[in-house]
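In the text below, chain A, chain B and the rest are named by the order of the sequence lines, each starting its count at 1. On a predicted model such as this, the values are computed, not experimentally measured, just so you know.
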2 protein chains.
Amino acid sequence: MTEVAPPLHAAGDPRRFSFAGAHRDAVYTAIHRRRDVRLFRDEPVDDAILARLLAAGHGAPSVGFMQPWTFMVVRSAETKARVKDLYLRERQAAACFFDEPRRSQYLGLKLEGICEAPVNICVTCDPTRAGNQVLGRNSQPETDVYSTCLAVQNIWLAARAEGLGVGWVSILKLGELRDILAIPPHVVPVAYLCVGWPVDLPPRPMLQDSGWRERLALRSVIRGERFDSQGDLPDEVLSQVEAEVAGWSDDRLI
Amino acid sequence: MTEVAPPLHAAGDPRRFSFAGAHRDAVYTAIHRRRDVRLFRDEPVDDAILARLLAAGHGAPSVGFMQPWTFMVVRSAETKARVKDLYLRERQAAACFFDEPRRSQYLGLKLEGICEAPVNICVTCDPTRAGNQVLGRNSQPETDVYSTCLAVQNIWLAARAEGLGVGWVSILKLGELRDILAIPPHVVPVAYLCVGWPVDLPPRPMLQDSGWRERLALRSVIRGERFDSQGDLPDEVLSQVEAEVAGWSDDRLI
């Protein structure tokens, strides 16, 4: 592997673990240019790249270092077709809860690429992985599933750096998905991911571009130490960062 | 912002969104050199850096693009002291479930840096953020909380690129935490993070170095498309990637 960044700061400098500018920006580019991808090309994904994605997932933080995740690699057309059928039923069921014109808009959206993506990954969580008593899980039992979500985001960002697209399909009934993949009752299917070479990686989320829902202002998701209080970050700083993020969403950056 | 990577591949090449080598490695370095930090220096964190971390969180994927997260910035010594007191009680309570010598080992571990970290961030999820009907949440209601976890990992990796440390404190009773931070009943506190300049960023997790628990082999967390089946990734590929990851955990890389 190449050396990423020479030391920028002296040993005693608090910033001594910071990445050099371009390398820091690479991380932000992965974060801000990542998309939920539903259109895939049919070229295969190399084993070495797939292994790097799974190793990135395995490198996630976990409560009590329990590493509760299992990554199930789905490749067969038959299994993908069964999952796709499950998606189609659930999509239709979910449509019942939307009123027109939202319902037609929902049914017109491309929300998965299960069969087109060369690889699907079902990311599961085994709450028994480290026994009953897990350090840090006593008061928040759900932290094992949370840890598994952190692994999903590692995979997603690693995929972005590799130029791969990832799409998370949540329009699936979990009981039926367990049956298709023979997942034991005590294991939680957390995420079903489609992975492959993307047809495109547009600057904005498809649900934003299609008018489904707007990006919220950064200011609106920041608070102070009481939930009803404003945060103390100055507006000009937040505006500056929002402008930077818009820059990262520019085609010049890839 | 600097340009991250010139195009490596022609427009028709499936790999055309991939980062150049050193930039890809920067993302992997953030992933594999990220640690759960509990020892912080007392230098403050610039507003601009903090804003970039929160913007990274806000850039996470979310089910139906609902963006359910709110980032509460906690800075006052008084509030941090109340959270620390909550931690100390819960730590003692959780210790009751470990037998010796595990109990003494648990009580001897430094598991938080609440008061030392200049900034704490409570990351919460508001399930009502996008109304009752959220695209993609019909069959998996927990995906709003999952989305919030993805935001946590974005913050964690952005912090790593900035040279900052993050520690997730899960040894807290959520009811009491709600009271301290005046979080409304319908909002879920997902993660309580300590953020600041790290005293150190060791190559391996503290719970690994202290002998609490081992890193699992990559092979052991990969399966095929049935949970009881082996994955088809060749052992030599997995070994190669594990060696690469060990390289990323080397001090040469930062």
For this session: Name the region of B:R226, side chain, backbone, both or neither, that has any atom closer than 4.5 Å to a heavy atom of chain A.
Result: both
Exercise. Which class fits the ring pair B:W212 and B:F98: parallel under 30°, tilted 30 to 60°, perpendicular over 60°?
Worked result: perpendicular
For this session: Select one option (side chain, backbone, both, neither) describing which atoms of B:N132 are under 4.5 Å from chain A's heavy atoms.
Result: neither
Exercise. Under a 4.0 Å N-O cut-off, is there an ion pair linking A:R24 with B:E162?
Worked result: yes
Seminar exercise, completed: Bottom line for A:A151: the part with an atom under 4.5 Å from chain B's heavy atoms is neither
For this session: Check whether B:D13 gets within reach of chain A through its side chain, its backbone, both or neither, counting any heavy atom under 4.5 Å.
Result: backbone
Exercise. Any Lys/Arg nitrogen of A:R75 or A:D47 sitting under 4.0 Å from an Asp/Glu carboxylate oxygen of the other?
Worked result: yes
Exercise. Side chain, backbone, both or neither: which part of B:L172 has a heavy atom under 4.5 Å from chain A?
Worked result: both
Exercise. Where does B:R34 contact chain A at under 4.5 Å (heavy atoms): side chain, backbone, both or neither?
Worked result: side chain
Seminar exercise, completed: Okay, B:V190 and chain A: the region with an atom under 4.5 Å from a heavy atom over there is both
Problem set entry | Heavy-atom proximity to chain B below 4.5 Å, by part of A:T124 | side chain
For this session: May I ask you to decide if A:G136's main-chain N or O and B:R91's side chain share a donor-acceptor pair within less than 3.5 Å?
Result: no
For this session: Please state whether the side chain, the backbone, both or neither of B:P14 comes within less than 4.5 Å of a heavy atom of chain A.
Result: both
For this session: Against chain B, label A:D200 side chain, backbone, both or neither, depending on which of its atoms sit under 4.5 Å from a heavy atom there.
Result: both
Seminar exercise, completed: Bottom line for A:F97: the part with an atom under 4.5 Å from chain B's heavy atoms is both
Problem set entry | Pick from B:L207, B:N154, B:I171, B:V145 with the largest number of heavy-atom pairs that fall under 4.5 Å of chain A | B:N154
Exercise. How about A:Y146 and A:W69: are their ring centres within less than 6.0 Å of each other?
Worked result: no
For this session: Please flag which part of B:R215 lies under 4.5 Å from any non-hydrogen atom of chain A: side chain, backbone, both or neither.
Result: both
For this session: Please flag which part of B:A95 lies under 4.5 Å from any non-hydrogen atom of chain A: side chain, backbone, both or neither.
Result: neither
Exercise. What distance separates B:R223 CZ from A:C122 SG, expressed to the nearest 0.5 Å?
Worked result: 12.0 Å
Exercise. For B:V74, is it the side chain, the backbone, both or neither that has a heavy atom under 4.5 Å from a heavy atom of chain A?
Worked result: both
Problem set entry | Top contributor to chain B contacts, counting heavy-atom pairs under 4.5 Å, from A:L50, A:L238, A:V27 | A:V27
For this session: Return the option, out of A:V237, A:V63, A:L233, A:D126, with the maximum number of heavy-atom pairs under 4.5 Å with chain B.
Result: A:L233
Problem set entry | B:S220, part contacting chain A, at a heavy-atom distance under 4.5 Å | neither
Problem set entry | Distance-only donor-acceptor check, side chains B:S62 and B:Q67, under 3.5 Å | no
Exercise. So which part of A:E214 gets closer than 4.5 Å to some heavy atom of chain B, the side chain, the backbone, both or neither?
Worked result: backbone
Exercise. What part of B:D36 lies closer than 4.5 angstrom to a heavy atom of chain A: side chain, backbone, both or neither?
Worked result: neither
Exercise. What part of A:L174 lies closer than 4.5 angstrom to a heavy atom of chain B: side chain, backbone, both or neither?
Worked result: side chain
For this session: Scan A:T70, A:V187, A:V134 and name whichever one has a side chain to side chain contact (heavy atoms under 4.5 Å, CB included) with A:R129.
Result: A:T70
Exercise. Considering only heavy atoms, which portion of B:R178 lies under 4.5 Å from any heavy atom of chain A: side chain, backbone, both, or neither?
Worked result: neither
Exercise. With only heavy atoms counted, which part of B:Y28 is less than 4.5 Å from chain A, the side chain, the backbone, both or neither?
Worked result: side chain
Problem set entry | Top contributor to chain B contacts, counting heavy-atom pairs under 4.5 Å, from A:D228, A:I183, A:L111, A:L181 | A:L181
Problem set entry | Aromatic ring pairing B:W168/B:W156, orientation class (parallel under 30°, perpendicular over 60°, tilted between) | tilted
